[in-house]
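In what follows, a structure is listed as structure tokens, so that the remarks can point back to it.
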Amino acid sequence: MKKKLMLFSISFLLISGLGFAAGSKNVYRIGVFHSPTGVFHPAYATHSYDFYITRFVFETLLRYGPDGKLEPNLAKEWSASKDGTVFTFVLRDGIKFHDGTPLTAEDVKYSIEYVGFPDYKGARASFINAIKGVKEFKAGKTKDLKGIKVLDKNTIQITTEKTYSSGFLRFGINFEIFPKHIWEKVEVGKAQEATDLMRQPIGTGPFKMTEYVPDQYVTFTRFDDYWEGAPKLDKIILVKTNRDTAQAQLFRGEIDQIYPGSIRKTDADQFKAHGMVISGVPRNAYQYMTVNLTKKPFQDKRVRQAIAHALNRKGVVDNFLEGHGEVSHNPYPSTFWAHPEGMNEYKYSRDKALELFKTAGWNYDAGKNVMYLDGKPVRFQLKYSKGNVVREKCAVLFQQNLKDVGIKIDLKIMEFGVMYDEVKKSDYEIALVGQGSENDGDLSKFYYSDFIKPIGDNSGSNWIRYKNPEVDRLIDEGFRTLDQDKRQTLYRKIGLLLNEELPVIYIYHWPDNIVFTGKLKGRTIPPVAAYSYYYKANKWYFAD
Amino acid sequence: MRKYLIRRILIIIPVLFGVSIVIFALIHLAPGDPYSSMIDPNFTAEDRRNLLEAIGYYDPLPVKYVKWLGRAIQGDLGYSITYKEPVLSVILRNFKNTVVLSLTALALSVLMAVPIGVISATRKNTIFDYVVTVFSFIGISVPIFFLAMLLIKFLSFDLGLFPISGMQTIGSGYSGFMKFLDFVHHLMLPVIALALVQMAQLMRYTRSSMLEVIMQDYIRTARAKGLKERLVIYKHALRNALIPVVTVICISIGYLMSGAVLTETVFVWPGMGTLVYQSILNRDYPVVVSCALVMAFFILIANLIADILYAFIDPRIKYE
Amino acid sequence: MPEALLEIQDLVTSFKTTSGLQRVLDGINLSLRRGEILGLVGESGCGKSITSLSIMRLLPQPYGFIENGKILFNDKELTDLSIPEMESIRGNEISMIFQEPMTALNPVFTIGNQIEEVLDIHQDLKKRDKKEKCIEMLKLVGLPRAKDVYNEYPHQLSGGMRQRVMIAMALSCEPRLLIADEPTTALDVTVQIQILELMKSLQKDMNTSILLITHDLGVIAEMCDRVAVMYLGKIVEETTTVNIFDNPLHPYSQGLLNSRLGNIQKGEKLICIPGMVPTLSDKPQGCFFSPRCSKCIDRCKTDMPELNEVKPGHKVRCWLYVDEDY
């Protein structure tokens with residue numbers, strides 16, 4: 001009995017020791033809080049955690065560079081016709097897939113038109129809607145999409161119906177290229193049942209996926225024939241971790257990187273003390289308070305401006321984000337190229353708020369601290385969702401801020417999907433939501449009046465139901481030109497208009513934080529969140 | 001007894017049927033759908049509609065149920081919307097992990113709780129008994145995720161005796177026996193957390209069952225026969241005291257098959273608990289319904305086995 | 001005169017309670033001869049059962065303990081014995097049967113198993129002999145299907161049958177003393193008589209002495225050679241059965257006899273002893289019975305009388321029978 005105990009204790013200690021030595025030299029481990037679901041096909045992935053895989057194993061024609069601008073990736077050159085309807089991409093030579101097959105323009109054509117096959121049942125059917133011949137192709141009348149032409153082994157040309165200002169973004173960034181010779185063998189309608197094939201993705205990226213254990217980890221191993229040079233690291237592993245213990249794992253060396261969400265100063269100090277690098281990647285998104293524009297009280301812009309003055313938005317950034325973020329006055333963060341100058345900052349001022357409410361015809365009773373509208377005390381319900389700690393704190397703060405101007409707020413916390421659904425149907429009074437924008441600056445999805453659907457219909461992308469003919473006009477102009485400078489002027493104008501009109505009350509922009517071990521060298525992170533996490537991963541190495 | 005057994009087994013079918021209807025209705029009637037959390041601006045409403053059509057979302061509820069039932073009867077539990085994998089394979093994978101975790105924790109807690117409960121009863125109101133009672137109350141009151149975090153903080157983070165989470169050391173390349181040891185190493189902390197909480201309940205239950213039995217007349221008779229006190233307790237009393245305890249353990253096995261979501265979450269041990277929880281959040285309908293069926297099935301079976309066991313160990317019980 | 005098998009001298013048994021020490025037995029004196037049946041009678045709560053538990057040293061732990069006194073059994077001082085020594089006496093030289101046969105047997109073991117257990121503890125028999133002896137005992141106590149009962153469980157037997165089993169178990173090692181604590185109280189009247197008959201015949205065959213505890217005077221009349229009357233932890237009268245019925249001396253004994261139902265005619269008022277038995281913590285000054293005694297004199301209220309032999313073979317604890325000058 002004693003002998004068995006001894007044997008057990010020795011193996012135990014051995015393993016404890018080994019366990020930590022096994023952070024072996026050339027393996028980089030990234031902790032993630034949700035597990036990828038195993039849909040590792042660019043045309044079918046819908047969960048953001050699957051994008052961690054598809055945007056790593058597969059590559060796009062272009063990518064964002066360290067200056068935030070588009071730079072060559074699989075394509076070495078790209079150009080468009082003057083009228084913005086013909087887009088041409090020239091591929092590099094010598095790019096191989098992970099199975100050794102060379103990449104050609106045929107693969108590019110296949111990857112783009114795939115979402116138009118009549119039997120395609122994925123989420124990206126709308127991505128190709130601008131291309132010529134798409135209707136016939138989707139209806140099954142043509143065998144392939146005529147608007148995409150393979151000019152030669154390395155050159156591909158895409159023709160659109162009208163001027164397509166988002167052309168480079170859409171074709172260069174939104175389509176990861178996957179191998180035709182593998183997927184043309186699978187019936188499109190049944191592709192999602194090809195689970196094994198899905199989970200052995202063959203792409204062109206610097207690392208190939210070699211192991212997927214659902215809900216636990218995903219292993220990527222170096223691809224020595226990578227076109228930009230063989231990686232220095234042996235493996236990169238995505239490890240499922242628990243948000244509460246991830247930091248501990250980081251400090252103990254069980255993992256090398258996490259995406260911690262918002263960071264507090266105490267966290268930041270701890271990270272630095274343990275030799276971690278904190279990188280805040282700008283994100284083209286904003287958190288905002290939406291007030292239901294279909295309801296009469298909110299249709300007066302003075303009311304919305306008053307609310308903006310009443311809310312302590314700077315306090316949110318200073319206290320909840322501890323400086324990791326900035327106050328928002330319009331959809332574009334200061335790091336974005338379309339960010340306008342000279343905006344109204346709607347500084348936190350109770351007096352200014354009360355003044356504006358008064359001009360809008362609301363009556364404030366200072367003695368009772370109650371705001372009256374049409375003789376009734378003002379009271380609204382604020383919906384928000386679980387899961388974002390800062391936003392939850394904002395809800396409570398804003399409740400207090402509005403109470404200070406006599407407005408009673410009832411908080412309602414809900415599951416995100418349910419809340420989002422109600423809000424899109426216009427079934428709400430006030431809500432707190434976050435929104436991401438297109439990286440080409442186009443705000444049409446959210447503010448263009450054509451995208452409004454009737455109340456109760458949750459399918460319109462402009463679900464705040466904002467209608468401004470001037471904004472519509474500027475957006476239309478933006479559609480019609482590929483000239484970056486012209487577009488910058490136009491979008492800046494839109495930014496200023498939205499800042500004045502406040503269809504929603506903009507609260508803050510925030511960076512995507514990445515925290516990783518200082519031992520990793522050779523890493524550059526372009527300032528475009530979600531598209532830059534693996535930038536030139538083949539150059540990463542451990543300093544030792 | 002045989003008629004009883006057959007009756008009980010046959011009843012499982014209508015119960016599972018009922019469970020399937022109720023759970024199916026509840027999860028489909030919940031607001032939201034599998035794609036309602038898709039906020040990426042690139043995806044349009046048209047895209048979402050295509051996805052929902054592909055999974056038959058727009059069929060009326062009874063039609064959905066009949067379609068599902070038709071396939072389920074033939075053994076086809078459908079495809080997971082989240083994983084794009086057959087439901088059965090998803091469940092089996094998670095179920096295996098739950099079984100290992102739960103049964104090990106149960107074994108540990110029984111091995112510790114029953115003897116301690118018995119000794120505690122025989123030494124009522126001594127220091128030993130008081131310490132055990134305090135410990136039980138702590139175990140019953142402390143939320144398990146808090147306990148788990150404490151264990152991780154002290155045993156993993158500070159002392160480095162155990163890994164913080166996961167089922168294996170990532171990137172280690174272990175195989176064979178080393179891999180097994182590594183797995184056991186990762187299993188220990190979650191098992192300890194679960195076992196401590198289960199132990200608390202079981203200890204008190206054993207103790208009170210034992211106390212009740214020791215009061216009985218036949219214990220006095222045993223002593224009057226000149227039986228050594230040790231045998232009075234461990235033969236006459238224990239045998240009776242364990243009857244309800246054994247059945248309680250048996251029934252709890254049924255519930256354990258449903259997983260322990262908090263423990264599994266903290267320790268990143270993908271089991272039935274996390275699967276059910278995530279599937280409900282993701283509105284992964286086929287998985288939710290199938291999980292409910294699996295859980296119901298095991299609870300029914302465990303109850304049946306408990307009843308049969310009861311009849312075996314208590315001669316007073318007889319089934320018609 | 002046949003020698004005393006059991007002699008209890010000034011036995012004081014107390015209980016530790018939350019309200020202090022309670023004296024349940026307040027100086028008990030008893031003697032029991034070989035081959036005799038001694039009845040111990042009294043109302044509920046007077047300490048009859050505690051007397052028997054004290055002899056067996058089976059007082060509830062850790063509350064009960066023998067504070068003082070001697071219990072001499074067969075030349076052994078029981079209060080001095082160690083636990084293992086006591087264990088070898090229980091079930092072997094002194095056996096006990098209890099009031100509730102329904103709960104006195106372990107429900108999960110067979111009858112045979114439980115009887116054989118006694119044999120295992122005290123005797124060294126081979127398996128076959130054990131079984132034979134067991135079945136023999138079952139036959140002896142009047143169970144016709146002895147072989148079947150051997151394999152049955154307690155819940156399959158009636159109350160009367162279970163009590164027979166208890167008797168079989170108690171007598172299987174041929175004890176010198178059998179303590180029977182209200183063995184028939186919980187049984188039907190018809191079954192009562194059978195059990196009593198059985199006990200009497202077995203006693204004669206084995207020459208076992210019996211300490212028969214009861215509150216039923218009818219049982220005393222039927223079974224006992226001598227009888228002791230207990231009140232509030234003290235023996236108040238001790239004599240032969242004939243004497244106690246013909247000539248009860250102590251007012252309490254008289255009261256007990258008068259309250260029997262047998263002598264009452266229809267329409268007459270029931271006679272009972274006025275008042276209630278005091279609690280242990282409220283024991284009266286002087287003679288315990290004085291507050292309820294119709295013949296109480298002044299002295300009774302201040303002094304406790306001794307148990308004196310006022311006639312040959314007749315002891316009583318009462319001032320009425322004490323000629324003393326003050």
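Here is the naming used below: chain letters follow the sequence lines, and residue numbers restart at 1 for every chain. All heavy atoms count here, side chains included; hydrogens, waters and symmetry mates do not. Source: prediction; values computed, not measured.
Ring centroids of A:Tyr120 and A:Tyr44 are separated by less than 6.0 Å, placing the two rings close together. Side-chain rings of A:Tyr447 and A:Trp463 stay apart, their centers remaining 6.0 Å or farther from each other.
In terms of heavy-atom pairs under 4.5 angstrom with chain A, the leader among B:Ile152, B:Leu281, B:Asn282, B:Asn50 is B:Leu281. Chain A forms the most heavy-atom pairs under 4.5 Å with one residue out of B:Gln278, B:Gln168, B:Lys153, and that residue is B:Gln168. Contacts with chain B were tallied for A:Gly436, A:Ser126, A:Gly417; A:Ser126 has the most, counting heavy-atom pairs under 4.5 Å. Among B:Ser165, B:Gly32, B:Ala30, B:Ser80, the residue with the largest count of heavy-atom pairs under 4.5 Å with chain A is B:Ser165. Most heavy-atom pairs under 4.5 Å with chain B, from the set A:Val433, A:Asp421, A:Val213, A:Thr245: that is A:Thr245. Among the candidates A:Gly122, A:Gly38, A:Pro214, A:Ser385, the residue making the largest number of heavy-atom pairs closer than 4.5 Å to chain B is A:Pro214. For chain A, the option among B:Phe157, B:Trp269, B:Phe267 with the highest count of heavy-atom pairs below 4.5 Å is B:Phe157. Taking chain B as the reference chain and counting heavy-atom pairs below 4.5 Å, the highest number among A:Asp196, A:Asn458, A:Asp215 is found for A:Asp215. Comparing A:Ile255, A:Thr219, A:Asp244 by how many heavy-atom pairs each has under 4.5 Å with chain B, the most go to A:Asp244.
There is no contact between A:Ser48 and chain B, counting heavy-atom distances below 4.5 Å. In this structure, no portion of A:Ser461 lies under 4.5 Å from any heavy atom of chain B. Heavy-atom distances place no part of A:Glu422 under 4.5 Å from chain B, backbone and side chain included. Looking at A:Lys235, neither its backbone nor its side chain comes within 4.5 Å of chain B, counting heavy atoms on both sides. Both the backbone and the side chain of B:Tyr83 come within contact range of chain A, each with at least one heavy atom under 4.5 Å from a heavy atom of that chain. Heavy atoms closer than 4.5 Å to chain B are found in the side chain of A:Glu415, but not in its backbone. Proximity to chain B (any heavy atom under 4.5 Å) is shown, for A:Arg243, by neither the backbone nor the side chain. At a 4.5 Å heavy-atom cutoff, A:Asp119 makes no contact with chain B through either its backbone or its side chain. Heavy-atom distances place both the backbone and the side chain of A:Thr46 under 4.5 Å from chain B. Neither the backbone nor the side chain of B:Leu275 comes within contact range of chain A; no heavy atom of the residue lies under 4.5 Å from a heavy atom of that chain. Of the two parts of A:Ala45, only the backbone, made up of N, CA, C and O, holds a non-hydrogen atom closer than 4.5 Å to a non-hydrogen atom of chain B. Residue contact with chain A, scored on non-hydrogen atoms closer than 4.5 Å, involves the side chain of B:Glu46 exclusively. At a 4.5 Å heavy-atom cutoff, the contact between B:Tyr35 and chain A is made by side-chain atoms alone. Contacts between A:Asn174 and chain B at a heavy-atom distance below 4.5 Å involve the side chain alone, from C-beta outward.
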Side chain to side chain donor-acceptor pair (under 3.5 Å) evaluation trace for A:Thr37 with A:Asp50: CA-CA 6 Å; A:Thr37 65; A:Asp50 288 330; 2.5 Å; yes

Intermediate values then yes/no, side chain to side chain donor-acceptor pair (under 3.5 Å), A:Tyr286 and A:Gln435: CA-CA 6 Å; A:Tyr286 50 100; A:Gln435 181 73 42; 5.6 Å; no

Residues A:Lys121, A:Gln192; criterion side-chain contact (heavy atoms from CB on, under 4.5 Å); working and verdict: CA-CA 9 Å; A:Lys121 295 202 193 93; A:Gln192 289 184 97; 4.0 Å; yes

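The aromatic rings of A:Tyr49 and A:His34 lie parallel to each other, their planes meeting at an angle below 30°, with 60° marking the opposite boundary. Relative ring orientation between A:Tyr212 and A:Phe40 is described as perpendicular, the plane-to-plane angle rising above 60° on a 0-90° scale split at 30° and 60°. By the 30° and 60° cut-offs, the orientation of the rings of B:Tyr285 relative to B:His28 is parallel.
For the pair A:Asp256 and A:Arg29, the salt-bridge criterion is met [side-chain N within less than 4.0 Å of a carboxylate O].
Remark: A:Arg170 is not positioned above the aromatic ring of A:Phe175, lacking an NZ or CZ atom under 6.0 angstrom from the ring centre and at most 45 degrees off the axis. Cation-pi contact between B:Arg48 and B:Phe43: absent, since separation from the ring centre below 6.0 Å together with deviation from the ring axis within 45° is not met. Note that B:Lys64 lies in the cation-pi zone of B:Tyr57, set by a 6.0 Å cut-off to the ring centre and a 45° limit from the axis.
Within a 6.0 Å radius of NZ in A:Lys424, more than 12 heavy atoms belonging to other residues, nucleotides or ligands are found.
Expressed to the nearest 0.5 Å, how far CD of A:Glu211 lies from CZ of A:Arg199 amounts to 13.0 Å.
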